[in-house]
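Counting starts at 1 for both ligands and their atoms, in listed order. Values reported hereafter were calculated over all heavy atoms of this structure, with side chains retained and with hydrogens, waters and symmetry mates removed. Since we're looking at a predicted model, the values are computed, not measured.
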Amino acid sequence: MEWKTGLLLLISYAVTIYAHPAPPTHVVHEKRDSLHRRWTKKSRVNPFSILPMRIGLLQRNIDDGPKYLLDVSDPDSPNYGKHWTTQQVIDFFQPGAETVQAVRGWLVNAGIAERRVTISENKAWVAFDATAHEAERLLHAEFHEYEDSVTGRVMPGCDVYHVPQEVGKHIDYITPGIKLLAPDVPSKRMKKRDTRVGGIAKPSRMVYAPSGSWTMPSSQNLSNCDVAITPACVAALYKIPPSGYEHPNPANVMGIYESEAQYYAQEDLNLFFANFTPNIPKDTHPSIVSIDGGPGPTNNVSEAGGEVELDLQLAYPIVYPQSIAIWQEDDAIYELNPNQTYTWGFNHLLDAIDGSYCTYSAYGETGDDPNLDPIYPDPAPGGYKGQLQCGVYKPPNVLSVSYGGQEAHVPWAYQRRQCNEYLKLGLQGTSFLFASGDAGVGNYPEPYSFDGPTGCLGPQGTIFNPTWPNNCPWVTNVGATKVYPGRTVFEPESAVYDPAGHPYHVNFSSGGGFSNVYKVPEYQKYAVETYFAQHNPPYPFYSAIVNDTDLIGSLGASGGIYNRIGRGIPDVAANGDNIATYTGGEFGLSGGTSASTPIFSAIVNRLNEERMNRGKSPVGFLNPALYKNPGVLNDITNGTNPGCGTLGFFAVKGWDPVTGLGTPNYPKMLELFLSLP
Ligand SMILES: *[C@@H]1O[C@H](CO)[C@@H](O)[C@H](O)[C@H]1NC(C)=O
Ligand SMILES: *[C@@H]1O[C@H](CO)[C@@H](O)[C@H](O)[C@H]1NC(C)=O
Ligand SMILES: *[C@@H]1O[C@H](CO)[C@@H](O)[C@H](O)[C@H]1NC(C)=O
Ligand SMILES: *[C@@H]1O[C@H](CO)[C@@H](O)[C@H](O)[C@H]1NC(C)=O
Ligand SMILES: *[C@@H]1O[C@H](CO)[C@@H](O)[C@H](O)[C@H]1NC(C)=O
Ligand SMILES: *[C@@H]1O[C@H](CO)[C@@H](O)[C@H](O)[C@H]1NC(C)=O
């Protein structure tokens with residue numbers, strides 16, 4: 001949203017300020033109950049000031065979205081696998097012609113001439129400039145200036161506004177209105193972007209160098225998988241046969257998301273292939289899907305990014321000879337600037353694969369958030385000079401994402417709007433897999449995060465702190481398991497827990513818990529209810545869904561420390577510890593749900609390959625099929641995910657908020673997904 005601040009400063013005119021009481025034909029559309037303490041209401045806006053008015057039109061059918069997503073992804077549905085085209089999705093959700101007509105008619109009647117009004121191409125919003133006087137008359141509102149104590153920013157707004165009764169049902173929100181768009185408060189900004197843990201939309205990966213009398217694991221020997229996980233260990237754990245394809249399907253290139261200017265170095269990939277996967281030729285490499293200037297590889301191996309190297313070195317052995325594409329979001333100038341405050345993410349990725357998302361309007365936000373997402377063209381020297389990319393790439397069948405943050409840090413509207421988009425892309429057949437987080441039921445404590453000394457929420461820092469965007473019900477979350485010392489790949493794995501210092505500098509446990517923003521989705525209800533009925537966690541709880549993430553910290557007032565009615569995290573799991581990798585020319589052992597996610601995603605890519613070769617569609621949104629067929633996963637029943645000063649939840653028989661339904665059993669998954677239409 002653009003706001004011409006300068007105009008607001010002219011406030012000294014001597015004019016009569018009228019009140020505009022609402023007639024009985026009008027109803028309250030939005031009303032602010034309380035003003036956040038960072039804002040101060042100041043003087044009335046000068047009636048001659050020009051306000052850039054935006055009316056977000058109500059999207060149709062979004063409440064029915066989950067039903068339609070299930071229709072194409074529930075194995076019992078006759079329409080399983082019949083994904084929608086992009087155009088079908090746009091047409092289905094965009095506001096109808098009657099909505100545009102109703103709003104236009106209202107404006108014209110109120111004296112806003114038709115030629116002053118612009119309607120966005122996807123009918124998401126209506127825009128016009130109006131004097132404050134006109135806006136007040138139109139909305140039966142009083143506009144005041146509001147000053148933000150944190151940034152000094154001044155915004156126009158009102159406490160309440162009205163629209164005609166019959167028009168209200170077509171409108172999502174109007175700005176300027178009750179919404180005071182605030183940039184992220186500084187205390188919530190990421191403190192250290194070079195610390196590879198903590199913060200927002202960070203890659204979740206850790207690494208250590210093996211010590212002492214350690215010998216390099218040999219590529220096919222399975223007796224050291226409790227020390228180092230090689231591609232042979234992964235294949236044995238999940239019974240993954242060699243792919244065997246000579247001619248992989250060109251429409252099934254595996255997608256891996258990267259950000260923070262993660263450069264891969266061919267030298268590292270070559271070292272890895274030579275040592276562990278002699279079947280993969282030297283110089284095999286991914287393609288780069290550059291989003292808004294996202295960078296490609298580096299020739300300087302010391303600049304190589306650990307996340308991208310880990311992702312590639314886990315995925316290639318599973319999908320080769322299928323190719324991989326790195327989806328790299330945002331230019332290196334933004335990403336590497338230690339002062340950058342654009343700490344959220346994924347909106348530009350979604351813009352690039354769905355042009356209608358660039359102007360999608362929901363929950364009071366239209367398009368990207370100028371305070372939270374980088375702006376293009378990037379004015380900085382060397383920055384990406386093109387326009388924001390909208391709808392320039394076809395979405396991949398599978399996208400592996402080892403980045404994320406905490407749901408409590410991400411503004412409610414921002415994350416809800418984005419979650420709707422994951423639903424729409426699920427309808428089109430894309431599988432999104434997200435790492436569930438590495439800090440168990442909490443977040444990392446300071447200084448690795450800004451969540452205080454415990455990394456948890458509430459005044460005492462005791463409330464569990466679920467991850468984002470994992471909380472969105474329309475993605476698949478991957479937790480992490482481990483082969484503990486002395487165990488083999490022929491025994492069941494356990495939930496990972498590595499105490500701080502052994503070997504990583506922070507505690508590492510599989511991210512899990514229950515969202516405070518989304519209620520438990522239909523497909524997950526049975527699994528979650530069974531978990532509570534048979535394995536009641538030993539902690540007090542509360543039951544609440546918030547519509548403002550600032551409220552999350554106050555949820556535990558009753559003493560509860562986790563939500564009993566939220567979407568459960570994760571859905572599934574895979575190995576995430578002691579992974580053999582090369583980064584920066586050096587061998588190391590890496591861990592995190594950053595590792596489990598590309599493993600699981602690569603397996604899904606293989607399933608798609610098999611389905612597509614039989615003329616079937618990709619699997620798309622996985623969860624309904626997995627929750628109805630938990631037997632295709634290896635149930636994990638040992639271990640916990642410590643955090644917030646507790647042991648966390650317990651891995652038990654059936655679904656649990658530590659390892660979800662369990663780890664892949666490739667032959668069983670293949671059998672299931674080939675049996676589906
Ligand atoms: C595998 O490694 C173990 C332990 O290092 C060793 O004892 C064994 O001989 C190796 N097996 C093969 C077939 O090389
Ligand atoms: C390679 O990158 C490292 C780390 O950024 C830097 O110190 C070094 O100067 C670079 N070397 C070359 C040849 O550019
Ligand atoms: C970051 O901010 C500091 C302090 O304001 C400034 O000195 C430095 O030049 C900035 N760095 C970049 C890359 O913008
Ligand atoms: C948010 O929730 C509160 C309390 O449940 C409710 O009073 C309010 O109307 C809700 N606001 C919106 C915008 O849904
Ligand atoms: C069960 O998990 C614990 C960690 O919670 C681990 O120490 C132990 O070795 C695991 N047991 C087995 C049989 O893997
Ligand atoms: C690790 O977790 C324990 C138990 O919750 C906690 O006491 C300790 O402070 C944590 N350490 C770090 C470095 O996070």
Side-chain angles (χ1 to χ4, degrees), residues 191-199 204 206 208 210 212-230 232-233 236 260-268 275-276 295 297-306 309 332 335-336 338 406 437-457 460-465 483 485-490 495-513 539 561-562 578 580 583-586 591-592 639-650 658:
K191 284 194 169 146
K192 289 185 184 161
R193 295 187 67 83
D194 56 351
T195 304
R196 289 288 176 221
V197 291
S204 51
M206 299 168 287
Y208 69 98
S213 60
W214 200 80
T215 47
M216 192 69 154
S218 85
S219 71
Q220 295 307 316
N221 191 334
L222 296 178
S223 46
N224 292 317
C225 295
D226 58 339
V227 177
I229 294 285
T230 61
C233 301
E260 299 212 321
Q262 284 274 322
Y263 310 103
Y264 79 84
Q266 190 66 49
E267 188 180 326
D268 284 328
N275 278 284
F276 295 111
T298 177
N299 290 325
N300 178 351
V301 75
S302 26
E303 284 184 339
E309 303 271 18
E335 292 298 312
L336 299 178
Q406 310 303 124
D438 301 340
V441 294
N443 188 12
Y444 291 114
E446 278 172 340
Y448 307 108
S449 83
F450 35 72
D451 272 330
T454 65
C456 301
L457 304 172
Q460 277 86 44
T462 49
I463 298 174
F464 294 178
N465 193 352
V483 176
R487 305 284 155 191
T488 74
V489 290
F490 307 108
V496 67
Y497 173 55
D498 292 329
H502 306 278
Y504 312 105
H505 58 298
V506 285
N507 290 316
F508 168 34
S509 61
S510 179
Y539 311 118
I561 61 172
Y562 74 95
N578 303 323
T583 301
E586 307 273 328
T640 70
N641 55 354
C644 305
T646 72
L647 278 175
F649 294 113
F650 290 70
V658 189

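For the salt bridge (charged side-chain N to carboxylate O under 4.0 Å, His left out) test, no residue two or more places apart in sequence or in another chain qualifies with D226. For the side-chain hydrogen bond (donor to acceptor under 3.5 Å, both in side chains) test, no residue two or more places apart in sequence or in another chain qualifies with Y264. By the side-chain hydrogen bond (donor to acceptor under 3.5 Å, both in side chains) test, Q220 pairs with no residue at all, sequence neighbours left out.
Shown here for P642 and S509, the closest heavy-atom pair between the two residues is O-OG, 2.9 Å.
Ligand 6 lies within reach of G645, whose nearest heavy atom is under 4.0 Å from it.
Residue P499 does not touch ligand 6, judged by heavy-atom distances below 4.0 Å.
Ring-plane geometry between F464 and Y562 is classed as parallel, the angle between the planes falling under 30 degrees on a 0 to 90 degree scale with a further cut at 60.
Remark: side-chain polar atoms of E309 are paired, donor with acceptor, to backbone N or O of A265 under 3.5 angstrom.
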ask   = How far apart are the C-alpha atoms of N465 and D451, what are their side-chain angles, what is the distance that settles it, and do they pass the side-chain hydrogen bond (donor to acceptor under 3.5 Å, both in side chains) test?
value = CA-CA 9 Å; N465 193 352; D451 272 330; 2.7 Å; yes
query = So N300 and T298, side-chain hydrogen bond (donor to acceptor under 3.5 Å, both in side chains) or not? Walk me through it.
reply = CA-CA 5 Å; N300 178 351; T298 177; 5.5 Å; no
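Near P445, the atoms of ligand 6 lying under 4.0 angstrom from a non-hydrogen atom of the residue are 14 (O). Taking a cut-off of under 4.0 Å to the non-hydrogen atoms of S302, the atoms of ligand 2 that pass are 1 (C), 2 (O), 3 (C).
Near ligand 1, heavy-atom contacts under 4.0 Å come from N221, S223, N224.
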